[in-house]
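This report concerns only the one structure given below.
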Number of protein chains: 4
Amino acid sequence: MKKDLIADSAIVLLAEKGYANTTTRMISESAEIAVGTIYTNFKNKEGILDYIFQTEYDKREAYLKVLLTSNSAYLEKLNRFLDFHFSELSKNEKLALVLIQESSNPELSHLAGIQNFIQQIPDFFKTILVEAMANGEVRPLDPELTAEIIFSTIRGTVLNVAGKNALSDSESIQKELKSFITHAVQKR
Amino acid sequence: MKKDLIADSAIVLLAEKGYANTTTRMISESAEIAVGTIYTNFKNKEGILDYIFQTEYDKREAYLKVLLTSNSAYLEKLNRFLDFHFSELSKNEKLALVLIQESSNPELSHLAGIQNFIQQIPDFFKTILVEAMANGEVRPLDPELTAEIIFSTIRGTVLNVAGKNALSDSESIQKELKSFITHAVQKR
Amino acid sequence: MKKDLIADSAIVLLAEKGYANTTTRMISESAEIAVGTIYTNFKNKEGILDYIFQTEYDKREAYLKVLLTSNSAYLEKLNRFLDFHFSELSKNEKLALVLIQESSNPELSHLAGIQNFIQQIPDFFKTILVEAMANGEVRPLDPELTAEIIFSTIRGTVLNVAGKNALSDSESIQKELKSFITHAVQKR
Amino acid sequence: MKKDLIADSAIVLLAEKGYANTTTRMISESAEIAVGTIYTNFKNKEGILDYIFQTEYDKREAYLKVLLTSNSAYLEKLNRFLDFHFSELSKNEKLALVLIQESSNPELSHLAGIQNFIQQIPDFFKTILVEAMANGEVRPLDPELTAEIIFSTIRGTVLNVAGKNALSDSESIQKELKSFITHAVQKR
DNA sequence: TATGAATGAGTCTTCATTCAT
DNA sequence: TATGAATGAAGACTCATTCAT
């Protein structure tokens, strides 16, 4: 509870100011708790970020587990995951910004939660692409590289768009982005 | 001279540690100058970043000016700009990482050099896409959004790849990325 | 408590070295606290000065409130305030020096505590002089200007004398000064 | 020439910002010379202040030498010196402020020029007072102390008044101050 | 004599973290 | 578990002074 209160307060600040410019004092004031309470709930400041990323990663992993056992077409699976990912990001624009911004922060790259987030998700894309290629659903391509490209594309797009506070209008963006990706990989 | 010596030393550190973790002392030691010399050449620490981005933006702008007056097909222009952009990034992986990482740093987003970089370049993509659509070279799409997506795609890809110090092997990545983008926008 | 410990330690240093030459480190060492503790008690270095002046001003203001309601002769009131002011300064020579020296420091003139000190006190003199003139106790004079002159006279005298560490012998000085002022304004 | 150009530029800045907040760079820019040129004309930054005070002291000393040999009444001599001193200060308000402000700056009190200024001038007052007392022109008083009080009175008054940029209207102030001092010491 | 880029010691201030209550 | 005053290392930046030109 306290943990999520702290994390939620942190997300708002992190989205606006970035990790280095968000102080533990700001977080405690925003959460209306004492600074010390942060440290009874988290090992340290980094721990908050780690927790945020891990939580989001866990959600996606759970969804993936279900998705992978479904028997829809592979591109369909990819699309459904994109839908899920996007809908999660749309629920909380600030969180979306944090996930994007801080995942490329070199001073945080050692955190397990961040590593999971930026390594496992593209890895899933790769898995799908490999199968989809074998299946003739997508054109011949380097699945690892393309997986990274897709992940990057989403990441970069969200960053651009969320930065402009327009994620709420995300339906059209989501559509355009899915269309972009589908066209990019689809066999004609 | 001193200005570029300082900027170059900063780039190496910034790529490895990020803006917040790179101190002015580190930069001065790496450049083998006194801390004060940074301040005879730049207004402040941010000024170094601003200069780095502005310099790179200027290069691209100059290339674009020439490119836009050439009479190749629009998609060809896009491809040639991607080639140029990528070849510039490949020349200096550390610089590439800095350009990508710090362009999404909210504490630096107010810098003119960064704003130029992240606003003007997608704007150019948009210009090309509009013309290319009118010309029937690309499928119907939202040019502004797609321009952002393309920019993000490059940005994200470079981040992923340069982060792994594999930009040297960039030829295949570059090919894959160009192929990805071309397929994504091309009319069939 | 801590606040006064810091202020008291600062006074000793400020008297000897002046504001610009007294560092926060010196103050913290002299007060046997950490530098950071200064900043949990004061907004910044200037804040210490502001507090010192405000505190001293408050004492004088409180005394004045009582004095003004007493029904002694006006020149008597002036003399009693001079007695009070002098006795306060004599209690702490270092403080006296700080009050005098830094009240004419242009880099500190914006502080509310200092402005109160150097504006309100002469203002009180003026009030008394106006009444005393109407009453025929003092010769015709410009009350505003004379109030400033009296304030300046005290200020300058304390500076000269405290600078020579002779404030302890202040009784004779105080007598001489009061005699000087009384003669200066008195109707013959 | 250069020396006076530098000193004059310094005076304007020192009056507004005080010694600690006036940098050598500011002075050089205001004088439209290079920083280094300050150091070919003065030993260091303090040297400028020393020169300013010494110059002003020399003027007063020269005037005093003449005055003392004149055979006017002693109080008249005092009045004439006050006239001279005031007229000098009125010529250059900024200089007046510097002389007052920095003469009480503890970090500068070791400068010979300043020591002359604040020790020799009251010493002259004392000389006059001693003679005037012996002569029955002034009431019985402590000449040393009273000399300091007079010096302080002038100093403080100029500070108050020059700080308000009203030294130009100095005629009335000068009159009031002289009247104040005369009344204060005069035998009835 | 004049220049001004370079110097680096020294400033104020911040802030993650601790720990006695 | 929660608190928040205290800590002090570390950071950005300044500025008097120097010296090669």
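The figures that follow rest on heavy atoms only: side chains count, while hydrogens, waters and symmetry mates do not. To find a chain, count down the sequence lines: A is the first, B the second, and so on, and within it residues start at 1. For clarity, every value in this text was computed on a predicted model and none was experimentally measured.
- Taking a pair as Watson-Crick or G-U wobble with both distances under 3.5 Å, the runs of three or more consecutive pairs in DNA chain F are E:2-21 with F:2-21.
- Atom pair A/Glu107:CD and F/dG11:P shows a separation of 12 Å (rounding to whole Å applied).
- Crowding of D/Lys43 atom NZ: a count of heavy atoms from other residues, nucleotides or ligands under 6.0 Å not exceeding 12.
- Sequence order on DNA chain F of the closest nucleotides to B/Met26 and D/Thr24 puts B/Met26 first from the 5' end.
- Atom-to-atom distance recorded for D/Glu88:CD and D/Leu99:CG is 10.0 Å, nearest 0.5 angstrom.
- Residue pairs meeting the ring pair (Phe, Tyr, Trp, His ring centres under 6.0 Å) criterion with at least one member in residues 7-33 of chain B, sequence neighbours excluded, do not occur.
- Taking atom CD1 on D/Ile27 and atom P on E/dG4, their separation rounds to 17 Å, with Å as the unit.
- Atom NZ of B/Lys17 sits in a sparse spot, with 12 or fewer heavy atoms from other residues, nucleotides or ligands closer than 6.0 Å.
- Remark: C1' of F/dA12 and CD1 of B/Ile48 are 11 Å apart, rounded to the nearest angstrom.
- For the ring pair (Phe, Tyr, Trp, His ring centres under 6.0 Å) with B/Phe117, the qualifying choice from B/Phe53, B/Tyr57, B/Tyr51 is B/Phe53, the only one to do so.
- As rounded to whole Å, 8 Å separates atom P of E/dA2 from atom CD1 of D/Ile6.
- A pairwise comparison of heavy atoms in C/Val98 and C/Ala15 identifies CG2-N, 3.6 Å as the closest pair.
- Taking atom CG on A/Asn21 and atom P on F/dA12, their separation rounds to 12 Å, with Å as the unit.
- Side chains of D/Thr24 and D/Tyr39 form a contact here, defined as non-hydrogen atoms less than 4.5 Å apart.
- Between the CD atom in B/Glu16 and the CG atom in B/Leu97 there is a gap of 9.5 Å [rounded to 0.5 Å].
- Distance NZ (A/Lys45) to P (E/dT17): 8 Å, rounded to an integer number of Å.
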Could you go over nucleotides 5-7 of chain F and give all protein N or O partners under 3.5 Å, atom names and distances?
residue : atom : partner : partner atom : Å
F/dA6   : OP1  : C/Lys2  : NZ           : 2.8
F/dT7   : OP2  : C/Ala34 : N            : 3.1
F/dT7   : OP2  : C/Thr37 : OG1          : 2.4

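- As a whole-Å value, the separation of C/Glu29 CD from E/dG10 P is 13 Å.
- Side-chain N or O atoms of C/Gln115 include one that pairs as donor or acceptor with a backbone N or O of C/Ser109 at under 3.5 Å.
- Residue B/Tyr39 has its side chain nearest to F/dT14 when only F/dT14, F/dT17, E/dT13 are considered.
- Distance NZ (C/Lys43) to P (E/dT13): 8 Å, rounded to an integer number of Å.
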